[in-house]
Amino acid sequence: MFWDPRIERMPEKELEEYQERKLKALIFRVYNHSPFYRKRLKEAGINPWDFSGLRDLTKLPFTKKQDLRDTYPTGMFSVPISQVVRFHASSGTTGKPTVVGYTANDIDMWVECLCRGLVSCGVSREDVVQISYGYGLFTGGLGFHYAAEKVGATVLPTSAGNTARQIELMKDLKTTVIACTPSYMLYLSEYAYKTGVDLKETNLKRGIFGAEPWSEETRKRIEEKTGIDAYDVYGTSELSGPLFTECTEKCGIHIWADHFLVEIIDPKTGEQVGEGEKGELVVTTLSKEALPLIRWRTGDITILENEKCACGRTHPRIMRILGRADDMIIVRGVNVFPSQIEHVLMQIPEVGEHYLIILDREENGLDVMTIQVELSEKAEIDKVSDILELEKRIAEKLKSVLNVTAKVEVVNPGTLQRFEGKAKRVIDRRKI
Ligand code: DLL
């Protein structure tokens, strides 16, 4: 099923011409309306009249999170605040908060993109969509809300938290689709199980999970536990919010190329990487009005796939996000993303879904990584010697697959912290 078949199946050549026109118009627009970008473009020696479009893309300067922080709160906006109909803001847990703004057209474009995504993973007007992403300054709740309503589905705006009530409403109102972070879905299904509710016996059919990295193995676990189809959704507040999803083929996230131009670069050199190579996702917003972004460094590591998808959509796809360039853990010289650790852990049946990575520095200056993992509820292990054997096996697996040395501690089910929104699975005590 398609939301806008003409656009979603637009021949690649036509899409490219469309992008070319929009990119040139964008450069003119920001040059004329954004003092920030006019200065940036001048510094880079770019004159909109000479800018030839896609061919000159790599001549354009990057935009980084620090630019938004430096111009806090609205210094990068390209329209007067009277044209802004909504603000969202980041929590600022990793630095100064950032503020994003939307014109009425920006909201329409955002909603339109997510409508395409929802329909591509099978959502229709027949569905009851429970939105358990947080509502408020976070873009997850409101983003899903407007799109699900526009698709014609019945929205149940529970927001995050109050898990007992979520499950009660899910049963009573016959929720068919849930949207939340994957870590909250794990918690919710665990809570349901403990309180005697079998999610397989509810009307729940699909889940749309994102806002944080999760692995293919976690998808399998969620699907097996709950009997639903789990889809990945990606977006960032700077680009709008949740925007792009997988389709029912589950082989990459479709990026709507009529509104967003994507590149993958080597985060160290800033050069574009070769086709199919892993690198940082960089996005240029072709339509956004209030806060257009040129070559926005998302910080997210992924792979780009330009081949047409089996579903018939021609727009490029990004593969599951591996992690953020700045989340990469370097332990004794080995680079590893927490999501790679998750991938290894979730292949071990005795291991539950929750884990915590703790990094310490010993007095001799050496880094030590400790990974706490919960024993699966189903694992029938209680002898100390068996736990020790399991810890050894996990450590060996991590060493053989990722080449990382870790101290593994198996803890009882239910011991580690649960999350309603984005999970925090790394504690780095080396910086303190
Ligand atoms: O997390 C927007 C969103 C809401 C996406 C609901 C999906 C669902 P921010 O709070 O600005 O926006 O955080 C953006 O979250 O740069 C990634 O690092 C991470 N992220 C988002 N989606 C995924 C995903 C929202 N599917 C940051 N996989 C991004 C991995 C994701 N990481």
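Residue numbers run from 1 in the order of the sequence given. Just so it is clear, the model here is predicted, and its values are computed rather than measured. Both ligands and their constituent atoms are indexed starting at 1 by order of listing.
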**Nitrogen or oxygen of V233 less than 3.5 angstrom from that of ligand 1** = yes
Nearest non-hydrogen protein atom to atom 1 (O) of ligand 1, with distance, is K422 NZ, 2.8 Å
Heavy-atom nearest pair, Y133 first then F138, reads CD2-CE2, 4.1 Å
- prompt: Taking the six-membered ring for Trp, are W110 and H88 ring centroids under 6.0 Å apart?
  reply: yes
**Q.** ligand 1 to E238 polar contact by distance, N or O atoms, under 3.5 Å
**A.** no
Ligand 1 to I321, heavy atom cutoff 4.0 Å, flagged ligand atoms 28 (N), 30 (C)
Closest heavy-atom pair, D106 versus E289, reported as atoms and distance to 0.1 Å, is OD1-N, 2.7 Å
Quick note on ligand 1: atoms under 4.0 Å from a heavy atom of P213 include exactly 28 (N), 30 (C), 32 (N)
For E275, I'd like to know if atom CD has over 12 heavy atoms of other residues, nucleotides or ligands within 6.0 Å. no
D232 heavy atoms within 4.0 Å reach ligand 1 at atoms 24 (C), 26 (N)
Flag if over 12 foreign heavy atoms under 6.0 Å of CD, E16:
no
The atoms of ligand 1 lying under 4.0 Å from a heavy atom of R324, numbered in the order shown, are 16 (O), 18 (O)
request  = Scan side-chain atoms only and decide if E342 and T218 contain a donor-acceptor pair under the 3.5 Å cut-off.
outcome  = yes
re atom 28 (N) of ligand 1, the protein heavy-atom contact at minimum distance is E212 O, 3.2 Å
For G140, the atoms of ligand 1 under 4.0 Å from one of its heavy atoms are 4 (C), 6 (C)
Compute the shortest N/O to N/O distance between Y133 and ligand 1 and return yes if it is under 3.5 Å, no if not.
-> no
In this structure, atom 14 (C) of ligand 1 is nearest to the protein heavy atom G235 O, 3.6 Å
Among D300, I131, T302, L114, the residue with a heavy atom nearest to atom 17 (C) of ligand 1 is D300
Does NZ or CZ of K250 lie under 6.0 Å from the centre of the six-membered ring of Y231, at an angle within 45° of the ring axis?
yes
Correct closest heavy-atom pair for L243 and S240 would be CD2-CB, 3.9 Å
Q. Between E8 and W256, does any side-chain donor sit less than 3.5 Å from a side-chain acceptor?
A. no
Return yes when atom NZ of K407 has more than 12 non-hydrogen atoms of other residues, nucleotides or ligands closer than 6.0 Å, and no otherwise. no
### Query
Do F260 and F244 pass the ring-ring contact (aromatic ring centres under 6.0 Å, His included) test, and can you show the C-alpha distance, the side-chain angles, and the key distance before you say yes or no?
CA-CA 11 Å; F260 298 92; F244 313 119; 5.2 Å; yes
Practice prompt. Decide whether an N or O pair under 3.5 Å exists between A211 and ligand 1.
Written response: yes
Counting heavy atoms under 4.0 Å, the part of T236 that contacts ligand 1 is both
For F138, the atoms of ligand 1 under 4.0 Å from one of its heavy atoms are 1 (O), 4 (C), 10 (O), 25 (C)
closest protein heavy atom to atom 11 (O) of ligand 1 is S237 OG, 2.8 Å
Note: ligand 1 atoms sitting under 4.0 Å from heavy atoms of T139 are 2 (C)
